> 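I am attaching a structure below and will ask some questions about it afterwards.
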Amino acid sequence: MVARVVIAAPGSGHGKTTIAAGLMAALRAAGHRVSGHKVGPDFIDPSYHALATGRPARNLDPFLQGEDRLKPLLRHGSEGADLAVIEGVMGLFDGALGTEGYASTAHVARLLEAPVVLVVDASAASRSVAATVLGFANYDPRVRLAGVILNKLGSQRHEDEIVTALEATGVPLLGALRRNENVHAPSRHLGLVPAAERAADSQRVLPELASWVAGGVDLEAVVRVARAAPPLTGPKWTPPGEFSGPRTVVAAAAGPAFTFRYTENVELLASYGVDVVDVDPLRDEQLPDGCAGLYFGGGFPEVHAAELSANKPLLTAVADAAGRGMPVSAECAGLLYLCRELDGVPMAGVVDATAVMTKRGKLGYRTAVSLADNVLAVAGQRVTGHEFHRTELTPAAGPAPAWGWERTVDGFASASLHASYLHVHWAGYPELAERFAARVRAFAPVASRG
């Protein structure tokens, strides 16, 4: 039995992340073992979930992982917890455009048979909030709206007016929260600032956030809602590898500049005999002992470009390793780090390309095809992934493109290199992790010889 509840909202900006993270922290403080999950490909919100729960960040996305994997992934991610809190994405019924709500919060709630609690920003309305709640309760009878939490209330009179109006909807009121600027998370061009970039501030604010939610939300009522979800059937997701030979090491970019990484990708590599060791490209000057591969995920290198460029020893170590044929898998920020320049400052120069920040972002799901055999995929391999950046790349030369989609080619690929803007959740494609791990293990004897 996995007790579970989805925290949703009518749209973005209602306070889902703040309340979801605060709820996780408050429930944990009350003695519950809580696992946090995020609907969609978001990396930033889960960083706050991990901080609040003390457990790894997890994502649930039918487009990236497949509908049939959501229950197994939830069972895997919530193992050892007694309650799963699942934060939605955008508005409750907002999914991939043109798909009638595919990969929406409502879609995921239906697949997981999970009750939904709606967070509503009430700062600019009073009785109209009840009409909003009633509409969401009746829009899709397959989605169970089990309660509402009011956010950003201005006064007791304001709250009383909405509470009276809500009585006619039949939707239980589970919480009412006043405005609190002390628990606000700062934003930037791709959303909130990741927790790792404001670690000290996040640790300081977390107890206040938990206290704020606990003071305005009926925690036991939320627990009762979660426990009312039916038992999950079917198997638990387990990384398929059972490698028993000598293990080897991959260096993974981490720290404030590299915070985008799917937890299951690391677990898959471990199952294939590859241990991930974090390296902070802002501060660490060398790769770990025994390193036989590089796994550079996403993040915000553009914010830290000058500091990354100033760490010449690690840039040189990465370039030398790649030049020796060390297997490299890089996504988005990792791709930018491997370029010759980022916003005019030198980077590793593994790929002969320059990157610059732009005013327009590229964000969306992609269905991509591998254009050639490479360290991660074979030619013709189809994957679903997502793009999430605001940079433009100008290649001068280099290996063949990694992926193609919608008359677009992306990234660079060779027998030892995969570097692209595309983020892929390997739980949907474990063969990618297996292929990369096999190349890393094969390179390990070379690495040991220096």
Side-chain angles (χ1 to χ4, degrees), residues 5-30 32 34 45 48 52 83 85-88 90-94 105-106 109 114-139 143-187 192 205-228:
V5 62
V6 173
I7 306 301
S12 298
H14 283 253
K16 283 193 308 292
T17 300
T18 302
I19 291 177
L23 185 62
M24 294 174 198
L27 289 167
R28 183 186 182 191
H32 295 279
V34 185
D45 295 352
Y48 290 92
L83 182 68
V85 177
I86 304 159
E87 181 192 344
M90 300 186 294
L92 176 57
F93 297 104
D94 301 329
T105 303
V116 174
V117 172
L118 195 71
V119 173
V120 180
D121 178 349
S123 61
S126 58
R127 292 180 61 83
S128 295
V129 169
T132 298
V133 172
L134 185 62
F136 274 81
N138 293 333
Y139 182 76
V143 177
R144 181 190 165 217
L145 187 57
V148 60
I149 295 174
L150 302 176
N151 192 23
K152 300 182 184 179
L153 292 165
S155 66
Q156 189 60 51
R157 283 188 69 190
H158 185 200
E159 178 181 336
D160 292 344
E161 185 79 3
I162 300 173
V163 170
T164 301
L166 280 173
E167 290 175 358
T169 69
V171 179
L173 178 65
L174 302 182
L177 296 163
R178 301 291 171 86
R179 295 187 185 95
N180 187 344
E181 293 302 321
N182 292 331
V183 297
H184 173 70
S187 301
L192 298 180
V205 169
L206 193 62
E208 183 174 355
L209 179 59
S211 177
W212 175 64
V213 169
V217 175
D218 186 340
L219 297 183
E220 287 310 306
V222 172
V223 171
R224 287 194 296 272
V225 165
R227 287 175 176 167

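Keep in mind that this is a model prediction, so the values were computed, not measured.
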> Taking all non-hydrogen atoms of both residues into account, name the closest pair between Ala221 and Leu174 and its distance.
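Looks like CB-CD2, 3.9 Å.
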> Could you measure the distance from the CG atom of Asn180 to the OG atom of Ser211? Nearest 0.5 Å is fine.
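Answer rounded to 0.5 Å: 9.5 Å.
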> Where the side chain of Asp45 meets the backbone of Glu87, is there a donor-acceptor pair that is under 3.5 Å apart?
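No, Asp45 side chain to Glu87 backbone: no donor-acceptor pair under 3.5 Å.
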> Quick check on side chain to side chain contact (heavy atoms under 4.5 Å, CB included): which of Asp94, Val119, Leu118 does Pro10 satisfy it with?
Leu118
> Return the set of residues passing side-chain contact (heavy atoms from CB on, under 4.5 Å) with Ala125 (not counting sequence neighbours), or none when no residue passes.
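In terms of side-chain contact (heavy atoms from CB on, under 4.5 Å), with neighbours along the sequence ignored, Ala125 is linked to Ser128, Val129.
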> Tell me which one of Asn138, Ile162, Val171 satisfies side chain to side chain contact (heavy atoms under 4.5 Å, CB included) with Val133.
Val171
> Do Val222 and Leu219 have side chains that approach each other closer than 4.5 Å (heavy atoms only, starting at C-beta)?
no
> Tell me every residue that passes salt bridge (charged side-chain N to carboxylate O under 4.0 Å, His left out) with Asp121, counting only those two or more places apart in sequence or in another chain.
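Listed in chain order: Lys152.
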> Spell out, as yes or no, whether a donor-acceptor pair under 3.5 Å connects the side chain of His158 to the backbone of Gly154.
yes
> Please confirm whether the backbone N or O of Gly15 pairs with a side-chain atom of Thr18, one donor and one acceptor, at under 3.5 Å?
no
> Closest approach of Leu150 and Leu153, non-hydrogen atoms and distance?
CB-CD1, 4.0 Å
> Give the minimum heavy-atom separation between Ala8 and Val116, together with the two atoms involved.
CB-CG1, 3.7 Å
> What is the distance from atom CD of Glu159 to atom CG of Leu177, rounded to the nearest 0.5 Å?
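It is 9.0 Å, given to the nearest 0.5 Å.
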> Just do the side chain to side chain contact (heavy atoms under 4.5 Å, CB included) check on Val5 and Ile86 with the steps written out, would you?
CA-CA 6 Å; Val5 62; Ile86 304 159; over 6 Å; no
> Could you report the tightest heavy-atom contact between Lys16 and Gly88, atom names first, then the distance?
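In terms of heavy atoms, the two residues are closest at CE-O, 3.4 Å.
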> Measure the NE2-CD1 distance between His14 and Ile7 for me, rounded to the nearest 0.5 Å.
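With rounding to 0.5 Å, NE2 (His14) is 14.5 Å from CD1 (Ile7).
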> Among all residues two or more places apart in sequence or in another chain, which pass the side chain to side chain donor-acceptor pair (under 3.5 Å) test with Gln156?
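Per chain and number, Gln156 pairs via side chain to side chain donor-acceptor pair (under 3.5 Å) with Asp160, Arg178.
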> In the structure I gave you, are the side-chain heavy atoms of Leu27 and Val85 within less than 4.5 Å of one another anywhere?
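Yes - at least one pair of side-chain heavy atoms lies under 4.5 Å apart.
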> Kindly indicate whether the side chain of Val117, heavy atoms from C-beta on, has any atom under 4.5 Å from the side chain of Val6.
no
> How long is the gap from CG on Leu23 to CD1 on Ile149, to the nearest 0.5 Å?
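Interatomic distance, Leu23 CG to Ile149 CD1, rounded to 0.5 Å: 6.0 Å.
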> Look up atom CG in Leu209 and atom OH in Tyr48, then write down how far apart they are to the nearest 0.5 Å.
10.5 Å
> A side-chain contact here means heavy atoms from C-beta on lying under 4.5 Å apart; do Val143 and Phe136 qualify?
no
> On a heavy-atom basis, which atom in Val213 and which in Ile19 lie closest, and how many Å separate them?
CG2-O, 4.3 Å
> At their closest point, which heavy atom of Ala26 faces which heavy atom of Ala210, and how far apart are they?
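Looking at all heavy atoms of both residues, the closest pair is CB-O, 3.6 Å.
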